[in-house]
Amino acid sequence: MKENYFPQEIEKKWQKIWDENDAFNVPEDSDKPKYFALSMFPYPSGKLHMGHVRNYTITDVIARFKKAQGFNVLHPMGWDSFGLPAENAAMKHGANPETWTDENIAYMTKQLKMLGLSYDWKREVTTCKPDYYKWTQWLFLQLYKKGLAYKKEAAVNWCDECGTVLANEQVIDGKCWRCDSVVEKKYLSQWFFKITDYAEVLLEDLDKLPGWGDNVKTMQANWIGKSHGAIFRFKVKEIDGLEVPVYTTRPDTVHGITYLVVAPEYKDIDKLTTPENKAAVEEYRANARKMSEIERLSTERVKTGVPLGTHGINPFTGEEFPLWTADYALVEYGTGAVMAVPTHDTRDFDFAKKFNLPMKVVIQNPENPSDCKDEAYTEPGVLVNSGEFNGMKNEEAKKAITEKAVREGFGEFKTQYRLRDWLISRQRYWGAPIPVVYCEKCGIVPVPEDQLPVLLPKDVDFSVVGKSPITTSQTFAETTCPHCGGKARRETDTMDTFVCSSWYYLRYSDARNAEMPFARDKVNKWLPVDQYVGGIEHAILHLLYSRFFTKALRDLGLLDFDEPFKNLLTQGMVLKDGSKMSKSKGNTVDPDEIFENYGADTARLFILSDSPPARDFDWSDAGVEGCYKFLNRVWRLIASNADDISMDYKLEFPLAKANDDMVRNVHIAMKGITNDIANDFQFNTVISKYRELTNAIYEWRGAKKDLNAEDKAVLSFAILSLIKLMSPVAVHLTEEAWKELGGNGSVHDEPWCEWDENLAKASSITLVVQVNGKVKDKLEVDEALSQDELKASAMESPKVKELIEGKEIVKVIVVPKKLVNVVVK
RNA sequence: GCUCUAGUGGCGGAAUCGGUAGACGCGUUGGACUUAAAAUCCAAUCGGGAGCAAUCUCGGUGCCAGUUCAAGUCUGGCCUGGAGCACCA
């Protein structure tokens with residue numbers, strides 16, 4: 001065995017062998033239980049970044065560990081390859097998005113192989129290839145048939161920079177999630193998926209996911225935004241037969257209504273406007289329409305609005321109140337109209353103050369009554385000025401008042417969600433075409449399944465500005481109706497890339513199927529994903545959409561489970577000097593350089609070493625250096641002892657010879673490392689245990705001059721165990737060492753270490769002796785001692801004797817195998 | 001504003017159940033080897049105080065209370081950072 005560690009040489013050699021042998025292909029027919037380990041697949045943007053390296057290393061170690069533990073592990077990789085950057089690159093370089101994407105995929109594939117990742121490349125999926133997007137289109141048609149895909153005219157988020165509409169989930173602080181430019185409102189006819197049909201079950205089923213972090217579940221729950229309240233319908237004084245319904249979560253405050261607000265886009269607003277107010281209302285509405293999301297946000301504190309001139313009637317009091325329009329009422333939420341109670345709602349309070357509208361207190365804290373002159377009182381309290389409900393606690397009044405409305409026919413209980421339907425059309429080229437045609441006679445006609453895929457046209461001019469390049473094709477849009485054969489126009493919008501990524505994990509179960517997206521028995525066999533690993537930035541978008549897809553496909557009878565990802569690990573970001581690595585900050589580290597200078601094993605070891613996976617990871621060059629030194633140290637330990645190591649002692653050791661601290665240390669390491677992986681994948685402590693074991697072997701070896709047969713057995717056992725324990729992380733080094741020491745086959749095919757519980761602990765125990773809760777002495781004692789004996793040995797301690805001299809012993813606490821606490825006065 | 005999450009040495013972090021706070025590493029300091037350097041190895045490294053010394057002693061896990069024989073860990077209240085949502089009635 002070579003004296004020195006040459007990672008570049010070793011790594012290249014093994015990567016070639018693994019590649020040639022398809023070493024990590026997963027067999028379909030196996031008696032072993034399945035395990036599906038999955039990383040969120042990347043967008044092929046050009047090169048891997050350290051976030052990818054962290055993500056894929058974590059999943060790879062999990063996959064290898066589970067495989068060694070006896071699972072049949074599915075660990076695939078693919079490409080989320082539709083999307084705007086490819087199209088922008090094409091425009092910029094006059095190239096084709098497909099060429100650009102293919103080149104990136106080729107380069108990144110090379111990098112993934114250089115990282116030593118154990119992927120089953122035979123199952124690779126690439127969302128921009130017709131053999132994949134054919135099935136994306138097919139799934140669209142199934143959703144369409146089921147009424148879950150529909151087209152409607154609506155106010156949508158428009159990004160001018162990207163030249164396309166966006167889903168609500170893709171608007172961050174009123175800006176585009178991709179290019180950060182300000183999002184405008186436009187009225188367009190667009191395709192939606194009816195995710196709102198699943199709002200309740202998407203919320204409820206979060207409880208079925210104990211393997212997900214609370215942060216992600218809370219974010220989804222907030223996004224779905226369920227609330228309980230009531231609908232009340234108000235008659236309009238001036239117009240017979242017209243009612244304005246409102247949704248409120250505070251039915252208890254209904255006696256305090258002093259005005260009512262409808263959104264500028266409210267459907268009946270024209271009818272509700274008197275001729276005298278028409279001009280002002282029209283102007284206000286025109287302004288509201290022009291305003292972008294961000295402008296509406298920036299006017300957060302300053303309320304605006306105009307009166308309509310008409311009045312509503314409160315059925316509880318008979319009181320009349322004016323109707324207004326204001327943009328703080330949102331047309332998409334509830335009924336688009338709000339009953340305003342300025343005394344008990346901060347927004348209504350601000351509005352009423354500004355426009356000098358009346359206020360009426362209806363809830364009070366009996367201990368500390370507020371007149372609500374300076375701010376709204378929104379805490380619990382007791383009803384006042386509320387007729388028959390006076391004196392009732394407001395929580396009870398919510399129910400009682402709504403019940404009265406139900407009884408008298410002007411209201412009902414209502415559960416409301418904030419989740420909106422998912423807008424999936426994009427006015428871009430590089431996406432899966434939406435498979436429908438518009439016929440002059442038949443209207444919207446889905447493309448028949450046997451005509452799929454609807455291929456992207458090639459005769460496209462990518463240099464156009466202000467419209468989708470796909471519309472420049474001479475061959476694409478013009479078509480005939482599949483129904484009547486008449487003249488028809490093809491849909492030129494493509495699907496949001498998040499549609500493609502909402503089902504890719506299912507395709508891995510049957511990636512080469514040309515007849516269906518996946519066979520039902522295969523998808524049911526491999527799914528759900530046992531461990532999903534990826535960034536927190538997908539907490540809402542991708543993870544919510546995927547959950548929706550899984551539930552919808554289950555309802556379509558395509559699969560038999562209702563949650564796609566059993567366990568989710570959201571890894572933290574990779575930072576450098578305390579901030580996120582980014583090109584604009586110039587603090588990126590190129591993985592290629594690390595591979596070249598230190599090798600992939602060092603990169604893998606380091607990216608796992610310093611922080612638990614869920615936390616942010618601060619990159620440090622010194623840390624990389626430290627990991628490289630450690631691998632060198634391990635290599636030297638193996639190489640310098642290679643002649644004394646025998647494969648006969650591979651991973652097990654006769655118990656009769658076990659009364660040796662070195663053997664115990666190995667068992668302790670086996671147990672500790674296995675438990676750390678099982679316990680939320682704490683790889684940072686796993687790695688510290690690699691170091692502890694390495695240090696222990698060095699120390700033990702250094703204390704011996706010549707080794708007898710038994711010593712050699714202990715040494716072999718220790719080193720071979722260390723190699724196996726490190727094999728999921730330092731995949732190349734351990735493979736090479738295993739081979740050099742005479743191991744048969746691959747170290748990665750060896751089963752995981754089995755430890756002996758009796759040996760996985762120190763031979764004696766340290767008894768901590770406290771007096772009044774403070775540590776005063778430590779005693780080495782036999783494990784077998786009884787509680788009384790432990791107590792006796794503690795009392796024997798000279799230090800204890802000294803400290804309790806002349807004092808009264810109140811009590812003595814004995815914790816078996818651990819501690820004795822003498823309490824004195 | 002609401003929700004989630006975190007706060008431990010110079011730094012990253014460790015500490016199954018409430019039971020030795022600071023594992024492991026980075027950095028720093030000193031030493032060995034070397035003509036020298038790199039590499040490697042050894043030792044020290046939470047803070048204050050006492051001692052030539054081994055050692056002894058006090059304090060210490062964001063802050064304030066509490067529960068307990070015993071609190072980084074549990075309870076209540078606050079402070080600070082990070083993340084998400086945000087005029088959602």
Side-chain angles (χ1 to χ4, degrees), chain A residues 4 172-174 213-223 225-227 229 246-250 253 260-261 263 296-297 299-303 326-330 332-341 344-348 350-351 378 416-420 536-537 539-540 570 572-573 606 609-612 614-627 629-630 632-633 636 672 675-676 679 682 684-692 694-695 698 702 766-778 799 810-815 817-824:
Chain A
N4 291 313
I172 316 287
D173 289 337
D214 283 339
N215 52 345
V216 178
K217 286 193 277 188
T218 317
M219 278 161 77
Q220 292 210 356
N222 287 346
W223 189 261
K226 183 180 184 177
S227 66
V246 301
Y247 170 72
T248 180
T249 55
R250 293 298 304 274
T253 64
L260 188 150
V261 172
R296 262 171 105 146
L297 275 177
T299 58
E300 190 175 326
R301 293 278 175 272
V302 189
K303 297 271 187 293
D327 63 6
Y328 83 91
L330 307 172
E332 315 91 39
Y333 186 76
T335 63
V338 183
M339 65 175 225
V341 184
H344 306 297
D345 181 281
T346 52
R347 295 152 305 190
D348 298 343
D350 291 344
F351 193 84
T378 55
Q416 184 70 38
Y417 302 90
R418 291 174 48 191
L419 184 71
R420 316 267 159 85
I536 186 77
E537 67 272 19
I540 294 170
T570 47
M573 287 185 300
F606 175 59
S609 67
D610 268 6
S611 299
R615 253 195 258 181
D616 285 350
F617 177 89
D618 208 355
W619 183 273
S620 90
D621 295 336
V624 182
E625 197 74 36
C627 286
K629 283 181 188 175
F630 172 64
N632 272 284
R633 193 166 141 82
R636 283 196 308 275
N675 288 348
D676 282 354
N679 181 20
Q682 288 191 51
N684 54 328
T685 56
V686 167
I687 286 159
S688 69
K689 281 165 183 141
Y690 291 163
R691 293 177 187 271
E692 282 175 12
T694 306
N695 292 345
Y698 262 110
T766 306
L767 183 73
V768 174
V769 182
Q770 298 180 329
V771 175
N772 285 347
K774 302 215 167 184
V775 179
K776 293 297 171 185
D777 204 0
K778 291 167 196 177
K799 284 186 191 157
V810 181
K811 60 174 150 178
V812 179
I813 312 275
V814 180
V815 183
K817 297 180 189 180
K818 249 183 198 153
L819 161 144
V820 175
N821 186 10
V822 185
V823 185
V824 295

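In what follows, chains carry the letters A, B, and so on, assigned in the order in which the sequence lines appear, proteins first and then strands, with residues in each chain numbered from 1. Because the structure is predicted, anything quoted here is derived from the model rather than measured.
- With sequence neighbours excluded, the residues forming a salt bridge (charged side-chain N to carboxylate O under 4.0 Å, His left out) with A/K689 are A/D676, listed by chain and number.
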Dump every N/O contact between nucleotides 80-85 of chain B and the protein below 3.5 Å, one line per pair.
| from | atom 1 | to | atom 2 | distance (Å) |
| --- | --- | --- | --- | --- |
| B/C85 | O2' | A/R418 | NH2 | 3.1 |

Verdict with supporting geometry, A/Y328 and A/D348, side-chain contact (heavy atoms from CB on, under 4.5 Å): CA-CA 9 Å; A/Y328 83 91; A/D348 298 343; 2.8 Å; yes
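- Checking side-chain atoms of A/D616 against main-chain N and O of A/M573 turns up a donor-acceptor pair under 3.5 Å.
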Could you list the protein-to-nucleotides 18-20 of chain B atom pairs, N/O on both sides, closer than 3.5 Å?
| from | atom 1 | to | atom 2 | distance (Å) |
| --- | --- | --- | --- | --- |
| B/G19 | N2 | A/Q770 | OE1 | 3.2 |
| B/G19 | N2 | A/N821 | ND2 | 3.4 |
| B/U20 | O2 | A/K778 | NZ | 2.6 |

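- For the C1' atoms, the distance linking B/G22 with B/A44 amounts to 16 Å, nearest Å.
- Between the side chain of A/D345 and the backbone N or O of A/T378, no donor-acceptor pair lies under 3.5 Å.
- At least one donor-acceptor pair closer than 3.5 Å links the side chain of A/Y698 to the backbone N or O of A/R633.
- B/C79 and B/G25 have their P atoms separated by 40 Å, given to the nearest Å.
- Every residue meeting the side-chain contact (heavy atoms from CB on, under 4.5 Å) condition with A/T766, not counting sequence neighbours, appears here in chain and number order: A/K778, A/E780.
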Secondary structure of RNA chain B in dot-bracket form (Watson-Crick or G-U wobble, distances below 3.5 Å, | marking inter-strand pairs): (((((((..(((......[....)))((((((.......))))))(((((....)))))..(((((..]....))))))))))))....
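- Between A/F630 atom CZ and B/C41 atom C1' the separation is 16 Å, expressed in whole Å.
- A/R418 is linked by a side-chain hydrogen bond (donor to acceptor under 3.5 Å, both in side chains) to nothing, counting only residues two or more places apart in sequence or in another chain.
- Every residue two or more places apart in sequence or in another chain was checked for a ring pair (Phe, Tyr, Trp, His ring centres under 6.0 Å) with A/Y690, and none qualifies.
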Worked check of side-chain contact (heavy atoms from CB on, under 4.5 Å) between A/Q416 and A/T249: CA-CA 9 Å; A/Q416 184 70 38; A/T249 55; over 6 Å; no
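- For B/G13, the OP1/OP2 oxygens have a side-chain nitrogen or oxygen of A/S611 closer than 4.0 Å.
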Each nucleotide N or O in nucleotides 72-76 of chain B that has a protein N or O under 3.5 Å away: list the pair and distance.
none

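- What separates CG of A/N684 from C1' of B/A14 is a distance of 8 Å, to the nearest Å.
- With rounding to whole Å, A/Q416 atom CD is found 10 Å from B/A89 atom C1'.
- Annotation: salt bridge (charged side-chain N to carboxylate O under 4.0 Å, His left out) contacts of A/E625 (sequence neighbours excluded): none.
- In terms of heavy atoms, A/L819 sits closest to A/L767 at N-CD1, 3.6 Å.
- The salt bridge (charged side-chain N to carboxylate O under 4.0 Å, His left out) test applied to A/R420 returns A/E332, not counting sequence neighbours.
- Between A/K811 and A/V823, some side-chain heavy-atom pair lies under the 4.5 Å cut-off.
- For A/N679 and A/M339, each mapped to the nucleotide of RNA chain B holding its nearest heavy atom, the one lying further toward the 5' end belongs to A/N679.
- Side chains of A/Q770 and A/I813 form no contact here, defined as non-hydrogen atoms less than 4.5 Å apart.
- You'll find the ring centres of A/F630 and A/F606 outside the 6.0 Å limit.
- Between B/U67 and B/C56, the distance separating the two C1' atoms is 33 Å to the nearest Å.
- Nearest heavy atoms, A/V216 versus A/I536: CG2-CD1, 3.6 Å.
- Using a 4.0 Å cut-off, some side-chain N or O of A/K774 falls inside it from OP1 or OP2 of B/G59.
- When the P atom is compared between B/G49 and B/G31, the two are found 25 Å apart, to the nearest whole Å.
- Contacts of A/S609 with the nucleic acid, taken as non-hydrogen atoms under 4.0 Å apart, are absent.
- Look at the C1' atom in both B/U3 and B/C74: the space between them is 23 Å, to the nearest Å.
- With both ends at atom P, the span from B/G18 to B/U29 equals 42 Å, rounded to whole Å.
- Atoms CG (A/D348) and P (B/A89) sit 12 Å apart, rounded to a whole Å.
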Protein-nucleotides 7-10 of chain B N/O pairs closer than 3.5 Å?
none

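- A/R615 CZ to A/D610 CG: the interatomic distance, rounded to the nearest 0.5 Å, is 11.5 Å.
- In this structure, CG in A/D621 is found 7.5 Å from CH2 in A/W619, a value given to the nearest 0.5 Å.
- Residues A/G225 and A/N632 both approach RNA chain B. Their nearest nucleotides, taken by heavy-atom distance, put A/N632 toward the 5′ side.
- The gap from the C1' atom of B/U40 to that of B/A50 amounts to 39 Å, rounded to the nearest Å.
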What does the list of N/O pairs under 3.5 Å between the protein and nucleotides 24-31 of chain B look like, with a distance for each?
| from | atom 1 | to | atom 2 | distance (Å) |
| --- | --- | --- | --- | --- |
| B/G25 | OP1 | A/N695 | ND2 | 3.2 |

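- Separating the P atom of B/A21 from that of B/U73 is a span of 14 Å, rounded to the nearest Å.
- To the nearest angstrom, C1' of B/U40 lies 12 Å from CG of A/N4.
- Distance, A/D345 CG to B/C2 C1': 14 Å, rounded to whole Å.
- Atom CD of A/E537 is separated from atom C1' of B/C4 by 17 Å (rounded to the nearest Å).
- In this structure, A/V338 reaches the bases: a heavy-atom distance under 4.0 Å links it to at least one base atom across the strands shown.
- Residues A/G229 and A/Y247 share a closest heavy-atom pair of N-OH, 3.5 Å.
- Atom CG in A/L419 sits about 12 Å away from atom P in B/A86, given to the nearest Å.
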